[in-house]
Amino acid sequence: MLEDEYQIDFFSDNGFIRKQCPKCGKYFWTRDQDRSTCGDAPCDPYSFIGNPVFKKKMELAEMREFYLKFFEEQDHTRIDRYPVIARWRDDIYLTIASIADFQPFVTSGQVPPPANPLTISQPCIRLSDLDAVGRSGRHLTTFEMMAHHAFNNSKKEIYWKDHTLELCDGLLDSLGADPMAVTYKEEPWAGGGNAGPCVETLIGGLEVATLVFMDLKQDKTGDINIKGDQYSKMDNYIVDTGYGLERFVWASKGSPTIYDAIFPSIVNELMGLAGIEHELENEEYTNILSQNARLAGLMDVSEKANLFELRKQVASSIGTTVEKLSSIMEPVESVYAITDHTRCLTFMLGDGGIPSNVKAGYLARLVIRRTLRMMKDLGINVPISEIVRMHIDTLPEYPEFQENFDVIEDILAHEERKFADTLDRGRRMMEKSARHYKKSGENIPLETIIDMYDSQGIPPEISKSVAAEVGVEVDLPDNFYSLVADKHSKSEEKEEKVIPFADRIAKLPKTKRLFYDEPNRMEFEGVVLDIFEKHIVLDNTLFYPEGGGQPADHGTLTVEDVVLNVVDTQIYNGVVVHTIDDIEDELHIRKGDLVVGRVDEERRMAHARHHTATHIINDAARDVLGSHIWQAGAQKFRDRARLDLSHYKRITQEELDQIELIANRTVMENKRVLSDWMDRTEAEQKYGFRLYQGGVPPGKMIRVMQVGNDIEACAGTHCTNTGLVGPIKILKTERIQDGVERLEYAAGEAAIKAMQDLESLVRDSSETLRVSAEQLPSTIGRFFDEWKDLKKENTKLKEDLAHARVSQLITDAETINDIRVIAKTVPHADSDELTKTAGELTQENDVVAVLISELDGVKIVAAAGDEAVKNGVNVGLIVKEMSTIVGGGGGGRPNMARGGGTDPSNMTGALDRGIELLKEQLE
RNA sequence: GGGCUUGUAGAUCAGUUGGAAGAUCGUCGCCUUUGCAAGGCGAAGGCCCUGGGUUCGAAUCCCAGCAAGUCCA
């Protein structure tokens, strides 16, 4: 990054000088002539601990308000926070920064910002430093990023570097910070395809703010190189700042750790539950914590080696052993981590996140399980929801969490039970495996432990302790988790959607879409703007292009007397492209022609019914299941539609019936379906993020649909009244992931058809059984029971038959070398009967039975008593050879073998050969 | 989105190279005991998840589906 980027008037006008840090080599700006280091850890240690850098101690709410108010007074508009689950993004699951709220449409310039400039305090979740949370004294999974943003472009500049620095410095000043202690470090920033110069604001050794001047985008042909990637200048340039609310509070209090600063009451409560006295009043104790935090600030403690090094240094500086120190620190660190993690869960679940085995839900589960493990280690025996409740009680500024608490509690109870089940199951499996290895005297291979974790979810620590109980050693390498990750590493290819004739389409104006204003009109006139191969673009159209889970309209385009069939309709950057099926050699259509379009009404209406029904079902489901229900995907077809819903347990039949009933009531109420194009920001303020059930559409204006009580941003075609949807019939549910339920249903004529199909199933069944539909269940039950009884009886009869045969067969035995040999054909006996007969015959030790029958080809069974086996008989070999004679195969063990073949003509030959072999074996 | 694991008696699980469906607990009956706990003897209880395929033969191998678990991005 060029040095020029940091030659900012604010610095020169305010007596700053630029220096290079002798430790890290980075450049920074300071008012202090005598300062030499940059002010960042590890070049400077924390100096604010026990020595606050701001005038007044503040709590989170007070600090947040102070910040927002400061920027409001500086002409910024305060806007509401966004959810921590980033539903409007398809590239990230969690909101990781305030700027994430405005990506991608605002930052790219497609959509104007809700206000400009604006200020916000955005709760963010980052799980990347999970291991350091609790240990480092400063890491959190959840934090609020306070920010002021200005969105500039070549036409209009709000403010840029100078004013940003002025505002930041002014804020610190108004908090009573010592100007001489503040440094600004140059640090080029890149991330998410953008980049730009950046300044880090440091005070007391702590980084409290990051000021990013985002003006570059990734571009292979760009002429600016940052960290190995090429970038070029953007037309938009954005002030992207981030001030850590929690760090500001910490700095204002000077507590030993950030955790003690931001949620002291919950930390204390948990210490009590864990049976640890948190002696913040105890000087020796706070000394240890402070030392630890200061030194931890200098290193990355997520590395095991570093953690040990940290312990060593702290131990020596307070004159104790590493072991002693660890025994003091570990429980405390766990309490910190639990407090942090439960706060994270409060936000995740409070914002409607559902634990799952995939996507954002998996992250929630990960955090839940980590927390439960630590709680167990500390002996904290309260439901995890109780700790979440403590957080909610201290967060009155988030009333929505309070409202959702019942569901949150249920989800957590559910997860707790699931995890307990998993551990139980895992422990049993591990015990078995451990016993197996103990028997063979081997150590348990690492592979087994990895498998246990990877496919059964058993943490390696638990595997190890279970193994130890059984008495087998396990070596856990430090890089265990990266070994697991290696197993999964593979390249991933994403398919880019290719736009046909992209350059021609780019030159065309956006197509006027008539279907919004006139949803019931099916015929229109249009002028041909362009034709390429089978694709036709008009100036306006009634054809709905595929989108929002609704398939494309079909129909016809007529030019004079030529009728063209439209088989697909797509939209690319606002240009609707109609695709027709085969065309004549000579296309009777050219630019400027007037065409008459007719939409296939039946198809369109079926889609519209299913689309409106989808909104109705979504609303009904939320009614029945709770407010955590979100659409996780949807697709409409002509004969049915499906809707994926986030829900943490299986939907029961009763709930399903209820949803169906409510949905049909909405239909019968025949409410008007309202739609309105609204300013995006206005709609968001009015209806919230509930709008975005089906993802976030681009554009300044969005179409807001109201169907019954359901309000969503939706670009599909709908019925004008709910009554037009007709009956709605839920066909089935499927669990497509843990935490996502799929509903399949039909509406209108499709529903009638579906019901008729179901009915005919019942009718056919009852006709087959010759009973009325009402009697079907009981009759089927009876048949099933009878079938079971008959099967048992059949088995019994075969045994009896076998028994009856035995007495006959035994008299025909031929004695060879003291062994009685029975080699016979048993007519019409199946394999089971032969087996039972042979089995009974060989109850006598000196008997060998070779039985053969003709049934579905040839069946052969041979058995030998113990005595016979001792004398060298191996019926496995005999049957094997016999079977090949009848065109099949067979085998078994020396005392029992079965086989058969497809060719009955050679049965006697096979039997003779069997006797021959037997004789050989007995000699 | 991808990977891995698992579906067998009411429950928890065995079931070897494809070759006679098992154990433990629970249930029921009888015996023992003043009674209980327990013990002894015996019995009932299986569409081996579903549907295809391979094979003389599949709980076992292959494919598809359904269901459950789990890890990763």
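This is a predicted model, so every value here is computed, not measured. In what follows, chains carry the letters A, B, and so on, assigned in the order in which the sequence lines appear, proteins first and then strands, with residues in each chain numbered from 1.
Remark: P of G45(B) and CG of D785(A) are 11 Å apart, rounded to the nearest angstrom. Rounded to whole Å, the distance from CD on E431(A) to P on U12(B) is 17 Å. The NZ atom of K859(A) sits 13 Å away from the C1' atom of G19(B) (whole-angstrom rounding). G69(B) atom P lies 10 Å from atom CD of E415(A), rounded to whole Å. Rounded to an integer number of Å, the gap from CG of D424(A) to C1' of C13(B) is 14 Å. Distance CD1 (I458(A)) to C1' (C4(B)): 14 Å, rounded to an integer number of Å. D832(A) places its CG atom 7 Å from the P atom of A21(B), with the value rounded to the nearest Å. Between the NZ atom of K798(A) and the C1' atom of A21(B) there is a distance of 15 Å, rounded to whole Å.
On the C1' atoms, C61(B) is 16 Å away from C48(B), given to the nearest whole Å.
Side-chain polar atoms of D340(A) and T141(A) form a donor-acceptor pair below 3.5 angstrom. No side-chain donor from either of R742(A) and T733(A) sits under 3.5 Å from a side-chain acceptor of the other. Using a 3.5 Å distance cut-off with no hydrogens or angles, the side chains of Y648(A) and D410(A) do pair a donor with an acceptor. When only modelled atom types and interatomic distance are considered, Q775(A) and S778(A) share no side-chain donor-acceptor pair under 3.5 Å.
The pair D377(A)-R373(A) fails the salt-bridge criterion, with no side-chain N (NZ, NE, NH1 or NH2) lying under 4.0 Å from an Asp/Glu carboxylate O. Salt bridge R642(A)/E734(A): absent, no basic N to carboxylate O contact under 4.0 Å.
With a cut-off of 3.5 Å on both Watson-Crick or G-U wobble distances, the partner of C4(B) is given as G69(B). Using Watson-Crick or G-U wobble geometry with both donor-acceptor distances under 3.5 Å, C47(B) finds no partner in any strand shown. Base pairing analysis places U54(B) opposite nothing; no Watson-Crick or G-U wobble pair with both distances below 3.5 Å involves it. Of the nucleotides present, none pairs with A21(B) by Watson-Crick or G-U wobble criteria with both distances under 3.5 Å. Pair check for C30(B) finds G40(B); Watson-Crick or G-U wobble, both atom distances under 3.5 Å.
Between R735(A) and A67(B), a side-chain N or O to OP1/OP2 separation shorter than 4.0 Å is absent. The side chain of K418(A) contributes an N or O atom lying less than 4.0 Å from OP1 or OP2 of G69(B). For the OP1/OP2 pair of C56(B) and a distance below 4.0 Å, the side-chain nitrogens and oxygens of R898(A) include no atom meeting the criterion. In this structure, R425(A) does not reach the U12(B) phosphate: none of its side-chain N or O atoms is under 4.0 Å from OP1 or OP2. Close to U70(B), at under 4.0 Å from its OP1 or OP2, lies a side-chain N or O of R365(A). Between K792(A) and G45(B) there is a side-chain polar atom (N or O) within less than 4.0 angstrom of OP1 or OP2. In this structure, T422(A) reaches the U70(B) phosphate: one of its side-chain N or O atoms is under 4.0 Å from OP1 or OP2.
Note on G901(A): only backbone sugar-phosphate atoms sit closer than 4.0 angstrom, heavy atoms only; bases stay farther off. Contacts of K788(A) with the nucleic acid, taken as non-hydrogen atoms under 4.0 Å apart, involve only primed sugar atoms and P, OP1 or OP2. When heavy atoms are screened at a 4.0 angstrom cut-off, F784(A) is found touching base atoms of the nucleic acid. If you check every strand for non-hydrogen atoms under 4.0 Å, Y93(A) touches a base. G457(A) comes within 4.0 angstrom of sugar-phosphate atoms only, judged by non-hydrogen atoms across all strands, and of no base. Within the nucleic acid shown, V886(A) has no heavy atom closer than 4.0 Å to any nucleic acid atom.
Screening V771(A), D785(A), L769(A) against I780(A) for a side-chain contact (heavy atoms from CB on, under 4.5 Å) leaves a single residue, L769(A).
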